[in-house]
Amino acid sequence: MGVKKKYIKVMRGSLLGVFVVAVGGLAFFTTERVVGEIIDRYKPQVEKALSQKLGHRLLIGEYQGFRPWGISIGPTNFLEGYKDESTGNIDNLNVQLAPISSFLTWRPVVILTASGADFNLRRNKNGSYWNFGPSGEGPAPNLELRFRFNENSKIFLEPSNIEITGIARLDLNLRDSRAKGNFQLNVPRKGSLNLKASGNWNKLDFQTEASLKKFRLSSLEGILPKRFNFKTRGKADGSFQLGINNGAVNCRGDLVVSDLNVIGGVLKDSLSSKKTSIACKDNLIQLPSAQWEYGLWTAAINGKLPLANSKDLGLSISTLISHKDDSNTSLQIDASLPLLVK
């Protein structure tokens, strides 16, 4: 009896949690008409609360029927935001309670599965694509949200006119401020990017892994803020992990970039390299020797960054610079650059 009372108390974490729990239970004991009436009654409150958090007015679709421990909702739309013009729509959304996970974690675990998600992200004058609303006061609800986007999901970026397709999973633990995600993204004719990440968004505690396959760096031009004004060329392949846990930095893997060319911003001439790479193993980041060109100058650069002492990080770098028109003129520079001193 005591366990039952505690479970019911925990499930009262938020309006959305209570709403899904109620609908999930009623799906087994009442009629479609009654559930539809309940949803219509609470939908304006849910739309208002989520719109404020998301920074965009949300229009939840019509109720379309029962699903195991939840409901199905029709076309749902995100209108232009208060501080940006990005929009989005979802053809179908299943909202379900995960009963076993909810019982084991003593919090409502809600799964939101989207089909036919299509987002049009327009960069505003400040370089942002989507501005969220204020976080609000008081403690976060004891609620976990699990978002699932299928392979039909699309993101169109403006003004770069880049279309991204893929699937994604994102879990948000609101009370503990923790997130975990897995994103498999494809850019037509520009390669693929798989990204795994987890961490706490209120402190420097995270773990990430990026895997790239024939990923063309020109895709970054439409993503970086306008103030950088960089034009990039090149292709990246490999897998790299990076994280910070209790102040300690860790990494593993390697990335190779071929035919790299960057110009813009502070670079008046193009900075290029036929092949450059970064590797990490046994708490040591290495920059293998690579040939670089900038205007009339060439340079052979290599370096290393030990991670064993996270309170005193320093990049050791060796550079041999020479002039294209005078091979006898060269300058050797060996330096250690402090990156973090505490």
Side-chain angles (χ1 to χ4, degrees), residues 88 90 94 96 98 100-101 104-105 107 109-115 117-119 121 129-130 132 140 143-157 162-188 190-220 222-224 232 234-257 277-287 305 307 310:
I90 297 173
N94 287 343
Q96 298 165 291
I100 296 178
S101 296
L104 293 177
T105 60
R107 70 169 64 91
V109 177
V110 181
I111 302 175
L112 299 101
T113 305
S115 299
D118 192 348
F119 287 86
L121 304 183
Y129 288 95
W130 192 288
F132 289 90
L143 176 68
E144 182 173 339
L145 300 177
R146 297 179 179 177
F147 297 91
R148 304 291 183 261
F149 295 89
N150 67 10
E151 65 276 4
N152 295 323
S153 301
K154 296 180 181 179
I155 299 176
F156 189 76
L157 301 179
I162 295 176
E163 183 178 271
I164 301 173
T165 62
I167 60 178
R169 297 166 63 95
L170 177 62
D171 299 348
L172 301 178
N173 183 333
L174 303 184
R175 175 61 59 87
D176 297 335
S177 302
R178 297 198 64 84
K180 180 173 65 175
N182 187 348
F183 308 88
Q184 301 176 33
L185 308 175
N186 292 285
V187 183
K190 293 190 176 183
S192 62
L193 167 64
N194 293 345
L195 179 64
K196 297 179 181 179
S198 63
N200 187 309
W201 61 74
N202 283 334
K203 59 183 179 181
L204 198 59
D205 179 6
F206 68 89
Q207 190 70 38
T208 61
E209 178 181 359
S211 299
L212 299 95
K213 184 177 181 180
K214 298 180 180 179
F215 185 79
R216 298 192 178 275
L217 301 182
S218 57
S219 304
L220 300 177
I223 299 175
L224 294 173
T232 57
K235 184 174 61 178
D237 292 274
S239 178
F240 199 85
Q241 299 180 27
L242 178 66
I244 297 180
N245 186 15
N246 294 325
V249 183
N250 64 84
C251 66
R252 186 174 63 182
D254 60 88
L255 287 176
V256 178
V257 179
S277 62
I278 180 173
C280 184
K281 185 179 180 180
D282 299 327
N283 285 328
L284 178 66
I285 295 179
Q286 291 185 303
L287 303 174
L305 174 62
L307 302 176
S310 60

Engineer: Count the heavy atoms of every other residue, nucleotide or ligand shown that sit under 6.0 Å from CZ of R252, and state whether that count exceeds 12.
Structural biologist: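 12 or below, so no.
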Engineer: Tell me, do L307 and I285 make a side-chain contact under 4.5 Å, heavy atoms counted?
Structural biologist: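 They are in side-chain contact.
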Engineer: Check L121 against I155 and note the closest heavy-atom contact, atom names and distance.
Structural biologist: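 It is CD1-CG2, 3.7 Å.
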Engineer: If we only count heavy atoms from C-beta on, is the F156 to D118 side-chain gap below 4.5 Å?
Structural biologist: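 SC-SC contact between F156 and D118 ruled out.
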Engineer: Which heavy atom of I90 sits nearest a heavy atom of S115, and at what distance?
Structural biologist: CG2-O, 3.7 Å
Engineer: In the structure I gave you, are the side-chain heavy atoms of L185 and F215 within less than 4.5 Å of one another anywhere?
Structural biologist: no
Engineer: Distance from R178 atom CZ to D205 atom CG, nearest 0.5 Å?
Structural biologist: 5.0 Å
Engineer: I want to check something: taking the side chain as every heavy atom from C-beta on, are L112 and L145 in contact at a cut-off of under 4.5 Å?
Structural biologist: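 Contact flag for L112/L145 side chains = yes.
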Engineer: Quick one: are D237 and K214 in side-chain contact, heavy atoms under 4.5 Å?
Structural biologist: yes
Engineer: Can F183 and L193 be said to form a side-chain contact (heavy atoms from CB on, under 4.5 Å), step by step?
Structural biologist: CA-CA 8 Å; F183 308 88; L193 167 64; over 6 Å; no
Engineer: Closest heavy-atom contact between N186 and S192?
Structural biologist: OD1-CB, 3.2 Å
Engineer: Measure the spacing between CD of E163 and CG of L157 and express it to the nearest 0.5 Å.
Structural biologist: 10.0 Å
Engineer: Keeping S177 on the side-chain end and N200 on the backbone end, is there a donor-acceptor pair under 3.5 Å?
Structural biologist: no
Engineer: For A98 and I111, work out which heavy atoms get closest and say how close.
Structural biologist: CB-CD1, 4.0 Å
Engineer: Heavy atoms, side chains only, cut-off 4.5 Å: are R216 and V187 in contact?
Structural biologist: no
Engineer: Take R107 and L174 through the test side-chain contact (heavy atoms from CB on, under 4.5 Å) and record every step on the way to the result.
Structural biologist: CA-CA 10 Å; R107 70 169 64 91; L174 303 184; over 6 Å; no
Engineer: Is the number of heavy atoms from other residues, nucleotides or ligands within 6.0 Å of CG (L104) greater than 12?
Structural biologist: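 Counting other residues, nucleotides and ligands, CG of L104 exceeds 12 neighbours.
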Engineer: Distance from L204 atom CG to N245 atom CG, nearest 0.5 Å?
Structural biologist: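 L204 atom CG to N245 atom CG measures 10.5 Å (nearest 0.5 Å).
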Engineer: Checking T113 side chain against N94 main chain: does a donor-acceptor pair fall under 3.5 Å?
Structural biologist: no
Engineer: Atom SG in C280, atom CG in L242: separation rounded to 0.5 Å?
Structural biologist: 8.0 Å
Engineer: Using the ring of each side chain (for Trp, its six-membered ring), is F149 parallel, tilted or perpendicular to F147, with breaks at 30° and 60°?
Structural biologist: parallel
Engineer: Quick one: CD on Q241 to OG1 on T208, what's the gap to the nearest 0.5 Å?
Structural biologist: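 If we round to the nearest 0.5 Å, Q241:CD and T208:OG1 are 8.0 Å apart.
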Engineer: Drop me the distance from Q184's CD to K196's NZ, to the nearest 0.5 angstrom.
Structural biologist: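 Spacing of CD (Q184) from NZ (K196) equals 8.0 Å.
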Engineer: Check S239 against L255 and note the closest heavy-atom contact, atom names and distance.
Structural biologist: N-CD2, 3.7 Å
Engineer: Ignoring hydrogens, what is the shortest heavy-atom contact between N150 and I167? Give both atom names and the distance.
Structural biologist: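 Nearest pair, atom of N150 first, then I167: C-CG2, 3.3 Å.
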Engineer: Using only atom types and a distance under 3.5 Å, with no angle test, would you say the side chain of D171 pairs donor to acceptor with the backbone of R146?
Structural biologist: no
